[in-house]
Peer 1: 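My structure is below; once you've seen it, I'll send some questions.
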Amino acid sequence: MTRRGLLRGTSACLAAAGSLGAALAADRPIPFGSAAEIETFRKDARYRDALKRYCDVIVPMNDLKWEALRHDRPRFDFSGADELVGFAEANKKALRGHTLLWGEALPPWAKEMATRAEAERELVNHIEIVVDRYKGRVGTWDVVNEVIKYDPTEGGPYRDTIWQRLLGPEHVDIAFRTAARVDPKARLVLNDFHFEEPVPGAAARRKVALDICRRLKDKGIPVHGIGMQAHLYADKGIDVDGLQRFMRDLDELGLDVEITELDVIDWKLPADPAQRDKTAAALVSTFLEAIVSAKRPKAIVTWGLTDRYSWVHETFPRKDSARARPLPLDADYRQKPMMAVLERYRRGLA
Ligand code: 9MR
């Protein structure tokens with residue numbers, strides 16, 4: 001089999017290639033994964049099968065958030081997270097942990113924290129317990145999620161959250177320092193969105209992300225990469241030059257990149273499903289080309305697998321009430337053109 005032929009093969013074929021597969025280590029496909037939502041996971045066997053079939057990496061979509069783990073202040077509820085972690089481990093999937101600090105998806109009591117001391121105590125205690133429970137199992141953590149102000153050109157750079165209000169910019173330091181202390185082998189990531197549009201706000205956000213990581217590194221606090229959520233708007237463009245510069249800046253800082261929540265927001269596209277799928281695939285292709293041609297991501301993760309279930313339906317409803325088509329599989333689990341694009345880029349065949 002030629003090298004190209006081998007690369008075209010399935011992962012099963014690569015695994016079967018044994019030492020030849022190992023010799024191609026540098027060409028190993030970029031790990032692909034998806035977020036998994038617990039209610040759907042429990043009720044839909046096809047959803048579980050799709051996770052098994054397509055994913056190298058699983059991310060509990062909501063079950064590691066404070067809202068899920070901490071609805072009772074004194075007692076951690078790991079039921080959902082343990083179920084998804086168990087499934088990932090049983091099926092030899094890597095795990096991303098999402099997320100140790102976010103200004104949203106908080107239980108009511110956490111939104112009512114009132115003092116700096118209380119916020120710091122709760123944050124440190126939470127990270128110690130959660131990271132320790134999954135030590136050596138969750139390989140990568142979105143340590144902080146969405147800490148950058150939506151448009152830092154209008155003041156900032158930090159988003160106004162309970163953490164920022166009570167702890168100031170140090171909330172980021174505390175989160176990374178604590179996660180690193182509890183699991184020194186975990187990869188620690190700053191995760192955020194709106195990095196890719198050709199607008200000054202997105203460029204400012206890229207700069208803030210780099211500045212935060214540089215500041216952490218200067219203080220000796222470990223940070224390994226930036227997670228680009230990549231909720232791509234089909235009606236907006238991609239700043240290819242800006243992204244490529246971003247990849248070079250990440251390289252200079254010794255940081256990884258990963259794509260963490262990829263999907264396409266198609267609410268402004270014409271109704272025709274085939275046309276929408278084609279546009280979405282082309283958009284994902286433009287985005288991945290910009291990234292992968294400059295830097296190999298550690299993982300490419302979509303925010304769900306099938307159009308049957310996605311946050312995009314509720315958050316970006318279409319005027320014509322047609323279902324959104326944000327993901328690589330359609331509502332009946334058939335592969336869409338986006339899946340072929342993902343396969344091409346992760347196998348280096350683009
Ligand atoms: O898709 C998630 C949805 O089910 C939750 O209700 C919501 C609040 O926890 O979070 C959604 O996921 C978000 C992710 O955690 C962070 N980036 C934006 C995602 C879409 O809102």
Side-chain angles (χ1 to χ4, degrees), residues 33-44 47 50-51 55 57-71 77-81 83-84 95-111 126 130 138 140-150 158-164 172 175 189-197 202 205 209 225-234 236 257-267 287 299-317 323-329 331:
S34 167
E37 198 274 314
I38 190 73
E39 296 304 331
T40 314
F41 172 86
R42 285 178 179 148
K43 69 171 194 232
D44 185 343
Y47 187 78
L51 291 168
C55 295
V57 185
I58 303 259
V59 189
M61 183 179 279
N62 295 316
D63 289 275
L64 287 165
K65 293 174 183 172
W66 282 60
E67 201 170 45
L69 294 173
R70 308 298 309 280
H71 46 90
D77 177 358
F78 288 108
S79 53
E83 209 173 320
L84 292 170
L95 279 151
R96 302 190 81 260
H98 174 87
T99 170
L100 298 170
L101 179 152
W102 190 18
E104 292 175 37
L106 292 167
W109 65 263
K111 290 183 217 158
H126 177 90
V130 176
V138 168
T140 303
W141 280 102
D142 288 336
V143 177
V144 299
N145 185 50
E146 300 176 13
V147 294
I148 302 171
K149 190 169 159 58
Y150 182 73
Y158 290 95
R159 184 173 280 256
D160 179 29
T161 65
I162 185 90
W163 305 113
Q164 168 67 10
V172 176
V189 167
L190 174 143
N191 194 49
D192 220 309
F193 68 107
H194 189 35
F195 287 130
E196 52 279 323
E197 269 172 50
R205 292 172 64 75
I226 288 185
M228 300 178 67
Q229 292 185 2
H231 298 293
L232 307 178
Y233 287 81
K236 299 179 182 169
V257 69
E258 20 198 302
I259 313 305
T260 55
E261 304 183 17
L262 181 64
D263 53 19
V264 172
I265 297 163
D266 65 350
W267 63 338
F287 172 71
I300 299 175
V301 174
T302 49
W303 207 239
L305 278 175
T306 156
D307 294 343
R308 186 174 277 265
Y309 314 105
S310 165
W311 71 295
V312 175
H313 297 302
E314 288 83 46
T315 311
F316 302 95
R323 283 190 78 76
R325 303 180 67 86
L327 289 163
L329 301 177

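Along the sequence shown, residues carry numbers from 1. For ligands, and for the atoms within them, numbers begin at 1 and follow the listed sequence. Values in this document were obtained by computation on a predicted structure and should not be read as measured data.
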Peer 1: Looking at N145, which atoms of ligand 1 are within less than 4.0 Å of one of its heavy atoms?
Peer 2: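 In order of numbering, the contacting atoms are 16 (C).
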Peer 1: Going by the order shown, which atoms of ligand 1 are within less than 4.0 Å of some heavy atom of A105?
Peer 2: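 Heavy-atom distances to A105 below 4.0 Å select 9 (O).
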Peer 1: Tell me the protein heavy atom at minimum distance from atom 10 (O) of ligand 1, and give that distance in Å.
Peer 2: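 Ranked first by proximity to atom 10 (O) of ligand 1 is K65 NZ, 2.9 Å.
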Peer 1: Write down the atom of L106, the atom of I162, and the distance for their closest heavy-atom approach.
Peer 2: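 Looks like CD1-CG2, 3.7 Å.
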Peer 1: Answer with yes or no whether F193 contacts ligand 1, where contact means a heavy atom under 4.0 Å from a ligand atom.
Peer 2: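 For ligand 1, residue contact (heavy atoms, under 4.0 Å) with F193 is absent.
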Peer 1: Could you list which atoms of ligand 1 come closer than 4.0 Å to a heavy atom of E146?
Peer 2: 16 (C), 17 (N), 18 (C)
Peer 1: Side chain or backbone, does H98 bring an N or O within less than 3.5 Å of an N or O on ligand 1?
Peer 2: yes
Peer 1: When you measure from atom 12 (O) of ligand 1 to every protein heavy atom, which one gives the shortest distance, and what is it?
Peer 2: W303 NE1, 3.1 Å
Peer 1: Can you confirm whether P326 sits close enough to D307 that some side-chain heavy atom of one is under 4.5 Å from a side-chain heavy atom of the other?
Peer 2: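 Touching, per the 4.5 Å side-chain cut-off.
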Peer 1: Could you tell me which atoms of ligand 1, counted from 1 in the order shown, lie closer than 4.0 angstrom to a heavy atom of Q229?
Peer 2: 16 (C), 17 (N), 18 (C)
Peer 1: Can you list the residues that meet the side-chain contact (heavy atoms from CB on, under 4.5 Å) rule with R42, with sequence neighbours excluded?
Peer 2: I38, E39, E83
Peer 1: Minimum heavy-atom separation for A35 to L51, with atom names?
Peer 2: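 For A35 versus L51, the nearest heavy atoms are O-CD2, 4.4 Å.
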Peer 1: Identify, for atom 2 (C) of ligand 1, the protein heavy atom at the shortest distance, and state residue, atom and that distance.
Peer 2: N62 OD1, 3.4 Å
Peer 1: Go through D192 and R205 one step at a time and tell me if the salt bridge (charged side-chain N to carboxylate O under 4.0 Å, His left out) criterion holds.
Peer 2: CA-CA 9 Å; D192 220 309; R205 292 172 64 75; 2.4 Å; yes
Peer 1: Is a side-chain donor-acceptor pair under 3.5 Å present for N145 with E104?
Peer 2: no
Peer 1: Looking only at protein heavy atoms, which one is nearest to atom 21 (O) of ligand 1, and what is the separation?
Peer 2: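 Checked against all protein heavy atoms, atom 21 (O) of ligand 1 sits closest to W311 CE3, 3.3 Å.
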Peer 1: Would you mind listing which atoms of ligand 1 come within a distance below 4.0 Å of any non-hydrogen atom of E261?
Peer 2: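 By the 4.0 Å cutoff, the relevant atoms are 14 (C), 16 (C), 17 (N), 18 (C), 19 (C).
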